[in-house]
Amino acid sequence: MEKSPVPLAGRRALEYLESVADRPVRALATSAELRQMLDRPLTGAGEPADLVINRLADAGLRGTIASQGPRYFGFVVGGSLPVATAADWLVSAWDQNCGIHALSPIVSVVEDVAASWLRELAGLPASWSVGFVTGCQMANFTAIAAARQKLLADAGWDVNAQGLFGAPPIHVFVSDESHYTIFAALRMLGLGAERLTRIPTDEQGRMRAQPLAAGLRAATGPALVCAQAGNVNSGAFDPIAEIADATRERGAWLHVDGAFGLWAAASEPRRHFVAGVDRADSVATDAHKWLNVPYDCGVAFCAHPEAHRRAMSLSAAYIVESAAERDPRDFVPEESRRARAVPVYAAIATLGRDGLADLVERTCRLASRMAERLSRHPSLRVLNDVVLNQVLVRVQQEESEQALASERAKGPGTKSTDQDLTREMIARLQQDGTCWAGGTTWHGVAALRISISNWSTTESDIDRSADAIVAATDAAVARSKA
Ligand SMILES: Cc1ncc(COP(=O)(O)O)c(C=O)c1O
């Protein structure tokens, strides 16, 4: 028998992990170069395993973005705590299909324990059900499927049996700043991504509770409200307690998308941002963001376990259902699936309550440090209140509210110098590779968005990265004046 390539893969993976903090934070090869490394004619006999693993590991050194490293600030991407990576290796070694208890008793128990820790950390009641899905997109989907199930059942309609044809319409409320995955979930569930009421937001991107309450009072029939804990750009939180009051009064379903913001609950000084989340009907979050477990892992929480289960599970003659134990598939859309709760268990067990609070606080403090350093520069302007781990910054040469207001009025397509300079600064920064952060449009103007979500980021990473952003800004401004 050919010798196992697993030890080699372990060594190559360690080599990667040990170098990731020092690598440029960008791909070192083009797609054409990667294709040249990887694209081979499919053979009849197959290739030696070591050769294949070495080829993949070599390509990985050149073709990955070092998003696992401490100076990756793009999107909202956490790294992976060493213990979470280690637990994930166990998951691969076990290769459990954890759909049902009968297939993997350990995973069923690990899910149960991790679910109860997660509820405790998020301040959610012990009665809530929990499903481990691929990410917050699927957590939003799962939660809204449970909402659809219960809202229609309460209106006398069995959506599992009858589908949506002829069903009582569900009135859906979102905000102007809801994450696009909410719209994807609504679309996939037949609720329509446009058949909804958009509630306006304030300057930080928070849903305004008053127009929501008025809208809820005016609408008749089943209603679903999608609120948000943690705006993907600004990090701001919708006023969840006020939204919960309005939703409860109306007997509507409140779903909270807390992809990263829910983790504020783990930290005493920021817990107030999610006050009221325990009065929601469902909550979605990601573990692969701020908890720093490897991709992929999202979590769907539901205050109505029966609706959650009815929305997700189906039985078949050969499926062994457990009466007393957790069948993980009851709470997720998939049947066969990876044991993604195992790294969650390892991360939480190792961090403990204090370690997680420290992770959240530390990254928030680093975001403030970044904002403070950047705002010292005469041509940079921080656009958001840095309340969490997100910083929005743009090039703005003339430090005046008027300049910003007039650009906002013109909209994102505006050909202003500052818009162009901001985009140029972002391109230069990404090319430089000291750190990586992406662009966005915030209230009509181009901005660099910086998300600090990695357990390994230090003050010196922030200072180095701030220097790189300043250098990219200076280079762009100098070029425009040349
Ligand atoms: C608020 C919010 N919701 C949902 C998502 C989607 O999460 P995922 O990409 O893990 O599915 C994100 C991702 O950044 C997010 O910030």
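When a ligand or atom number is given, it counts from 1 through the structure's own listing order. Here the structure is a predicted model, which is why all the values come from computation and not from measurement.
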> Any idea which of Val232, Leu262, Thr134 brings a heavy atom closest to atom 16 (O) of ligand 1?
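That would be Val232.
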> With sequence neighbours excluded, tell me which residues meet side chain to side chain donor-acceptor pair (under 3.5 Å) with Ser451.
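Checked Ser451 against side chain to side chain donor-acceptor pair (under 3.5 Å); matches are Gln390, Ser453.
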> Please identify which atoms of ligand 1 are closer than 4.0 Å to at least one heavy atom of Gly230.
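This gives 1 (C) as the contact atoms.
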> List every atom of ligand 1 that sits less than 4.0 Å from any heavy atom of Thr181, numbering the atoms from 1 in the order shown and giving each element.
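Listed by number with element, the hits are 3 (N), 4 (C), 5 (C), 6 (C).
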> Output yes when Arg369 and Glu372 qualify as a salt bridge under the 4.0 Å nitrogen-oxygen rule, no when they do not.
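No.
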> Is Met138 touching ligand 1 with its side chain, its backbone, both, or neither, if touching means heavy atoms under 4.0 Å apart?
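It is neither; nothing of Met138 touches ligand 1.
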> Does the residue Phe75 have a heavy-atom contact with ligand 1, meaning some pair of atoms that are separated by less than 4.0 Å?
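Contact absent.
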> Give a yes/no verdict on whether any heavy atom in Lys289 is under 4.0 Å from an atom of ligand 1.
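For ligand 1, residue contact (heavy atoms, under 4.0 Å) with Lys289 is present.
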> Measure Gln137 to ligand 1 on non-hydrogen atoms and call it side chain, backbone, both or neither using the 4.0 Å cut-off.
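It is both parts that get close, each with some atom under 4.0 Å.
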> Relative to each other, are the rings of His308 and Phe331 parallel, tilted or perpendicular (30° and 60° limits)?
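Perpendicular, since the angle between the ring planes exceeds 60°.
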> Taking N or O atoms only and a 3.5 Å limit, does Phe260 qualify as a polar contact for ligand 1?
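In this structure, Phe260 places no N or O atom under 3.5 Å from an N or O of ligand 1.
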> For the pair Arg340 and Asp296, find out whether any cationic side-chain nitrogen is under 4.0 Å from an anionic carboxylate oxygen.
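Looking at Arg340 and Asp296, the cut-off is met.
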> Among protein heavy atoms, which lies nearest atom 5 (C) of ligand 1, and at what distance?
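The answer is His179 CE1, 3.3 Å.
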> Run the side-chain hydrogen bond (donor to acceptor under 3.5 Å, both in side chains) check on Ser234 and Gln204 step by step: do they pass?
CA-CA 6 Å; Ser234 68; Gln204 295 299 318; 4.8 Å; no
> Which ligand 1 atoms are under 4.0 Å away from a heavy-atom of Asp286?
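Matching atoms, with element in brackets: 7 (O), 8 (P), 10 (O).
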> Among all protein non-hydrogen atoms, which one is nearest to atom 3 (N) of ligand 1, and what is the separation to 0.1 Å?
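Going atom by atom, the protein heavy atom closest to atom 3 (N) of ligand 1 ends up being Asp257 OD2, 2.7 Å.
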> Scan Arg337, Arg329, Arg338 and name whichever one has a salt bridge (charged side-chain N to carboxylate O under 4.0 Å, His left out) with Glu111.
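For Glu111, the salt bridge (charged side-chain N to carboxylate O under 4.0 Å, His left out) test succeeds with only one of Arg337, Arg329, Arg338, which is Arg337.
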> Return yes if a side-chain donor-acceptor contact under 3.5 Å exists between Thr201 and Ser175, otherwise no.
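Side-chain D/A pair, Thr201 to Ser175: absent.
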> What are the atoms of ligand 1, with element, lying closer than 4.0 Å to any heavy atom of Cys136?
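Listed by number with element, the hits are 4 (C), 5 (C), 6 (C), 7 (O), 8 (P), 10 (O), 11 (O).
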> Decide whether Trp263 and Thr285 meet the rule of one side-chain donor and one side-chain acceptor closer than 3.5 Å.
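Yes, because at least one side-chain N or O of Trp263 sits under 3.5 Å from a partner of the opposite role on Thr285.
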